[in-house]
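These numbers come from the heavy atoms of this one structure, side chains and all, not from hydrogens, waters or symmetry mates. Letters A, B, ... mirror the listed sequences (proteins, then strands); counts begin at 1. Keep in mind that what you see is a predicted model, and the values were worked out from it rather than measured.
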2 protein chains.
Amino acid sequence: MKTCGVNRPLDQTDWRIIAALQEDGRLSFNQLGRRVNLSAPAVAERVRRLEESGVIAGYQARIDPVRAGLPLTAFVQLRCALTKCLLKTTNSDEFPEVVEVHKLSGNWCSMLKVRVASMPHLEGLLERIGTHGEMNSHVVLSTQYEGRAVEPPPTDPQLASRSEGWRR
Amino acid sequence: MKTCGVNRPLDQTDWRIIAALQEDGRLSFNQLGRRVNLSAPAVAERVRRLEESGVIAGYQARIDPVRAGLPLTAFVQLRCALTKCLLKTTNSDEFPEVVEVHKLSGNWCSMLKVRVASMPHLEGLLERIGTHGEMNSHVVLSTQYEGRAVEPPPTDPQLASRSEGWRR
DNA sequence: AATGAAATCTGTTCGTG
DNA sequence: CACGAACAGATTTCATT
């Protein structure tokens, strides 16, 4: 967890490891080594560093919510007083359906992603959430993809000059 | 992947396995067995079935986007003609920043989650996306949590009667 | 369908170059 | 960082309940 020592920027090899482990988080160091042209001890060392520096935050099974009995997904935007904001309560067991909470800029205080078993379930959940503030919900009809692998950011310096830039 | 044979509903033990593997996707069958009070061969059999039925869709390393150099997250709502919808293009390499795409009910055609390295990066991305249709974006200030473990849906029959119910 | 034990196989780790 | 060997551990199979 600690960023012990120098925090080197991630190099190409690191990103290949990251890509591979996002595809299959159970790869052994041997298999991983073959993919990135490194020996097992070498990749083990790199993975250990990535874990220690927090770049790799953990490993988890991806559960298909539909097959797990939670076929409905919705986004809920919530505008509420900061003091009694949902953010404080969602860590607990009160809203297990809420799988994601973000604080937003703009008019809406926060963005929630929720997973429910049925329309009545969603209806009940929204009623419970609605007590915390003004609310706006969007039901997801279908999901093209989710949890797509994160890729290295562009090094392209043009990105910084994409906007026209202001001049006096 | 195939739902071969009877698709039994998930029992308590299945859900304990699912919970454990969402916490740590690299648990061995031995460790898993100790957590759910089952022998290694027994859990191996259950995990195999959960994988085959697609409940467990895969295993992946969770990457901290901030430490990976993508500190900015935003939600983008996009309204566009179905025929030239972004959905068709996002599978490719054109928009690696888009990590999530959902088709929505309501006025907006789709909901995107994007991860970028900087404000100029976001600006450029939104310009590219904007060519596909009317757009609305929300920058995430902070994320309380993400990828929270999915829990078993309530068996509570009251959920179905939460609404008053209509009568003639 | 699960247990327990045994056998095989694989991954991990350490020392050396 | 790669190589090679020794160790440790996991997965699988089988017979039994």
Practice problem: Taking only the side-chain heavy atoms of A:Ser28 (C-beta and beyond), determine which of D:dT13, D:dC1, C:dT12 contains the nearest atom. | Solution: C:dT12
Exercise. Report the residue (A:Ala42 or A:Arg26) whose heavy-atom-nearest nucleotide on DNA chain D is the more 5′ of the two.
Key: A:Ala42
Quiz item: Rounded to whole angstrom units, what separation is found between the CZ atom of A:Arg48 and the P atom of C:dT12?
Solution: 14 Å
Exercise. Find the distance B:Leu32:CG to D:dG9:C1' and express it as a whole number of Å.
Key: 16 Å
Quiz item: Taking the nucleotide of DNA chain D with the closest heavy atom to each, which residue, A:Val43 or B:Leu27, is nearer the 5' end?
Solution: A:Val43
Quiz prompt | Residue B:Pro41, side-chain atoms from C-beta onward, closest of C:dC14, D:dC1, D:dT13 | solution = D:dT13
Self-check item: Nearest-Å distance for atom pair CG/P, residues A:Leu38 and C:dG11
Solution: 16 Å
Self-check item: Hydrophobic cluster identity match, B:Met119 and B:Val76, side-chain contacts under 4.5 Å
Solution: yes
Quiz prompt | Nearest listed nucleotide, side chain of B:Phe29, among C:dT3, C:dA1, D:dT11 | solution = D:dT11
Exercise. Measure from CD on B:Gln31 to P on D:dA10 and round the result to the nearest Å.
Key: 6 Å
Quiz item: How about B:Glu51 and B:Tyr59: does a side-chain donor come under 3.5 Å of a side-chain acceptor?
Solution: yes
Exercise. Rounded to the nearest angstrom, tell me the gap between atom CD in B:Glu45 and atom P in C:dA2.
Key: 8 Å
Practice problem: With side chain to side chain contact (heavy atoms under 4.5 Å, CB included) as the test, would you mind laying out the steps for A:Val98 and B:Tyr145 before giving the verdict? | Solution: CA-CA 10 Å; A:Val98 178; B:Tyr145 53 84; 3.7 Å; yes
Practice problem: Report yes or no: do A:Gln31 and A:Ser28 form a side-chain donor-acceptor pair below 3.5 Å? | Solution: yes
Quiz item: NA contact type, B:Arg46, heavy-atom cut-off 4.0 Å: base, sugar-phosphate, or nothing?
Solution: sugar-phosphate
Practice problem: Could you check how far CZ of B:Arg34 sits from P of C:dA2, rounded to whole Å? | Solution: 19 Å
Quiz item: Choosing from D:dT13, D:dA2, D:dT11, which nucleotide comes nearest the side chain of B:Asn30?
Solution: D:dT11
